[in-house]
Asks: 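What follows is a structure written as structure tokens; I'll ask about it next.
All chains are named by letter (A, B, ...) in the order of the sequence lines, taking the proteins before the strands, and each is independently numbered beginning at 1.
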Number of protein chains: 2
Amino acid sequence: MTSTQELTKNQALVFNALARAEGPLSAYTILDQLRGEGFRAPLQVYRALDKLLDYGMIHRLESINAFVACSHPHNHSHSHGMTAFAICEKCGQVSEFSDEVITGRVREWTSENGFRQSKTTIEIRGVCANCAAA
Amino acid sequence: MTSTQELTKNQALVFNALARAEGPLSAYTILDQLRGEGFRAPLQVYRALDKLLDYGMIHRLESINAFVACSHPHNHSHSHGMTAFAICEKCGQVSEFSDEVITGRVREWTSENGFRQSKTTIEIRGVCANCAAA
DNA sequence: ATCGATATGTGATGTTATTACATTAGTCAA
DNA sequence: TTGACTAATGTAATAACATCACATATCGAT
């Protein structure tokens with residue numbers, strides 16, 4: 001389940017909304033964008049988002065309660081490592097990267113402490129190069 | 001402003017609620033705990049939390065919308081590095097640590113990309129050693 | 001055709017956070 | 001001590017984010 005084709009109608013609508021967006025969208029922003037497609041209730045969005053998160057096609061940005069399409073959809077290196085996000089507080093743009101050193105250090109800490117990790121969030125808030133220059 | 005003495009009444013009440021809690025508390029849980037002290041509205045809690053965050057006495061856990069007292073209040077190594085949190089989804093316990101290697105890698109990425117970072121969130125969700133054993 | 005699993009529709013509700021505005025308390029200089 | 005400024009507080013209303021409960025529909029496998 002990694003291609004748009006195999007998504008249900010609602011999942012595809014939500015994914016496309018995120019894919020064509022320039023930056024992260026909140027669930028309610030997505031809802032508003034899809035009212036024309038017949039969406040009426042938050043749950044229609046949240047259910048689709050949950051599935052898309054499962055499939056690894058989108059990410060949730062915890063620090064801003066928003067969602068983005070994965071920017072490396074065909075790069076499976078991410079599926080093994082942790083993904084970090086740099087979020088610009090001026091323009092809202094999000095840069096996604098994954099770092100093996102960070103991944104390794106987190107794994108060291110968890111195994112030393114017997115912590116069974118399920119999901120790790122790394123979010124850097126700040127101002128991107130473009131906005132810092134302006 | 002690093003000691004409890006210099007806090008205002010509301011700040012001290014909120015800080016003490018967090019300090020005596022076993023784990024993270026939501027703003028509304030704190031509000032309920034402090035109704036006996038005269039708290040009536042969310043803003044009383046949020047305003048105190050904002051200041052305590054400023055002072056570095058507490059942390060906000062973005063992935064669970066909750067707050068914890070800083071567990072290393074007298075260790076200023078944290079003020080230079082990034083703090084990571086391991087959050088147990090079974091018992092709610094939070095372990096706080098800071099790692100220079102992770103801090104360094106994040107700094108490398110930000111400086112390579114001209115990103116001016118202001119705050120970084122690292123949260124590991126999973127199951128702690130105690131709960132995994134049980 | 002029936003069953004089970006998955007997906008959807010909808011209203012109500014629960015949880016988290018902020019806005020707007022009024023009031024009070026502390027600080028400090030003239 | 002007054003006035004003026006700043007920080008802190010009180011309160012109601014509202015906004016923003018997320019889930020529950022229940023009904024209905026769609027689809028595949030037997």
Asks: Check whether the side chain of B/Arg47 and the base of D/dG10 form a donor-acceptor pair under 3.5 Å.
Replies: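 Result: at least one qualifying N/O pair found.
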
Asks: What is the distance, rounded to the nearest whole Å, between atom CD of B/Glu6 and atom C1' of C/dG26?
Replies: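 It works out to 16 Å between those atoms.
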
Asks: Give the rounded distance in Å between these two atoms: CG of B/Asp32 and P of C/dG14.
Replies: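 In whole Å, C/dG14 P and B/Asp32 CG are 14 Å from each other.
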
Asks: Whole-Å distance between D/dC22 P and A/Leu43 CG?
Replies: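 Taking CG of A/Leu43 and P of D/dC22, I get 14 Å after rounding.
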
Asks: Indicate yes or no: does B/Arg125 engage B/Glu123 in a salt bridge with an N to O separation below 4.0 Å.
Replies: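 The answer is no: the pair does not qualify as a salt bridge.
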
Asks: Looking at D/dT9, I'd like to know if its phosphate oxygens (OP1 or OP2) sit under 4.0 Å from a side-chain N or O belonging to B/Lys9.
Replies: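 No.
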
Asks: Round to a whole Å and report the spacing from CG of B/Leu49 to P of C/dT16.
Replies: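 B/Leu49 atom CG is separated from C/dT16 atom P by 13 Å.
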
Asks: Salt bridge between B/Glu37 and B/Arg35, side-chain N to carboxylate O under 4.0 Å?
Replies: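 No, B/Glu37 and B/Arg35 are not salt-bridged.
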
Asks: Using OP1 and OP2 only, check whether a side-chain N or O of A/Gln44 sits under 4.0 Å from C/dG9.
Replies: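 Indeed, a polar side-chain atom of A/Gln44 lies that close.
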
Asks: Are A/Ile122 and B/Phe115 linked, directly or through other ILVMFWY residues, by side chains that come within less than 4.5 angstrom of each other?
Replies: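 Yes, A/Ile122 and B/Phe115 fall within the same hydrophobic cluster.
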
Asks: Measure NZ/A/Lys51 against C1'/C/dA5 and give the value in whole Å, please.
Replies: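 Taking NZ of A/Lys51 and C1' of C/dA5, I get 10 Å after rounding.
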
Asks: What integer distance in Å separates B/Leu52:CG from D/dA8:P?
Replies: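 Distance check: B/Leu52 CG to D/dA8 P gives 11 Å.
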
Asks: Could you tell me how far apart A/Leu13 (CG) and C/dT8 (P) are, to the nearest whole angstrom?
Replies: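 Checked: the CG to P distance equals 9 Å.
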
Asks: For B/Thr29 and for A/Asn10, locate the closest nucleotide of DNA chain C by heavy-atom distance; then report the residue assigned to the nucleotide nearer the 5' terminus.
Replies: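 Going by which nucleotide is closer to the 5' end, it is A/Asn10.
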
Asks: Does any donor atom in the side chain of B/Ser111 or B/Glu108 lie under 3.5 Å from an acceptor atom in the other side chain?
Replies: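 No.
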
Asks: If the cut-off is 4.0 Å, is A/Tyr46 near the phosphate of D/dA18, judged by side-chain N/O to OP1 or OP2?
Replies: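 For A/Tyr46, the contact criterion (side-chain N or O under 4.0 Å from OP1 or OP2 of D/dA18) is met.
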
Asks: Is the side chain of B/Thr29 donor-acceptor paired with the backbone N or O of B/Leu25 at a distance under 3.5 Å, no angle test?
Replies: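 Looks like no, no N/O pair under 3.5 Å.
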
Asks: If only atom types and distance count, is the side chain of B/Arg20 paired as donor or acceptor with the main-chain N or O of B/Phe15 below 3.5 Å?
Replies: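 Here the side-chain-to-backbone pair does not exist.
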
Asks: Using the closest heavy atom to pick a nucleotide of DNA chain D for each, name whichever of B/Ala48 or A/Asp50 lands nearer the 5' end.
Replies: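 Checking each residue's closest nucleotide, the 5'-ward one belongs to B/Ala48.
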
Asks: From the list C/dT8, D/dT11, D/dT19, which nucleotide is the closest neighbour of the side chain of A/Pro42?
Replies: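 Between C/dT8, D/dT11, D/dT19, the one nearest the side chain of A/Pro42 would be D/dT19.
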
Asks: Check whether any side-chain nitrogen or oxygen of A/Asn65 sits under 4.0 Å from OP1 or OP2 of D/dA18, and answer yes or no.
Replies: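 Indeed, a polar side-chain atom of A/Asn65 lies that close.
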
Asks: When the distance from CG of B/Leu31 to P of C/dT18 is rounded to whole Å, what number comes out?
Replies: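 Spelled out: CG on B/Leu31 to P on C/dT18 is 15 Å.
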
Asks: Just compare D/dA8, C/dG9, D/dA18 and give me whichever is closest to any side-chain atom of A/Phe67.
Replies: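 So the nucleotide nearest the side chain must be D/dA18.
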
Asks: Which listed nucleotide (D/dA18, C/dA7, C/dG9) is nearest to the side chain of A/Arg60?
Replies: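 Looking only at side-chain atoms, A/Arg60 lies closest to D/dA18.
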
Asks: Does the base of D/dA15 carry an N or O that pairs as donor and acceptor with the side chain of A/Tyr28 under 3.5 Å?
Replies: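 Result: no qualifying N/O pair found.
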
Asks: Closer than 4.0 Å, any side-chain N/O of B/Thr8 to the OP1 or OP2 of D/dA8?
Replies: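 So the side-chain polar atoms of B/Thr8 never come under 4.0 Å of the phosphate oxygens OP1 or OP2 of D/dA8.
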
Asks: Of the listed nucleotides (D/dA8, C/dT8, C/dA17), which one gets closest to any side-chain atom of B/Gln11?
Replies: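 From the listed options, D/dA8 comes nearest.
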
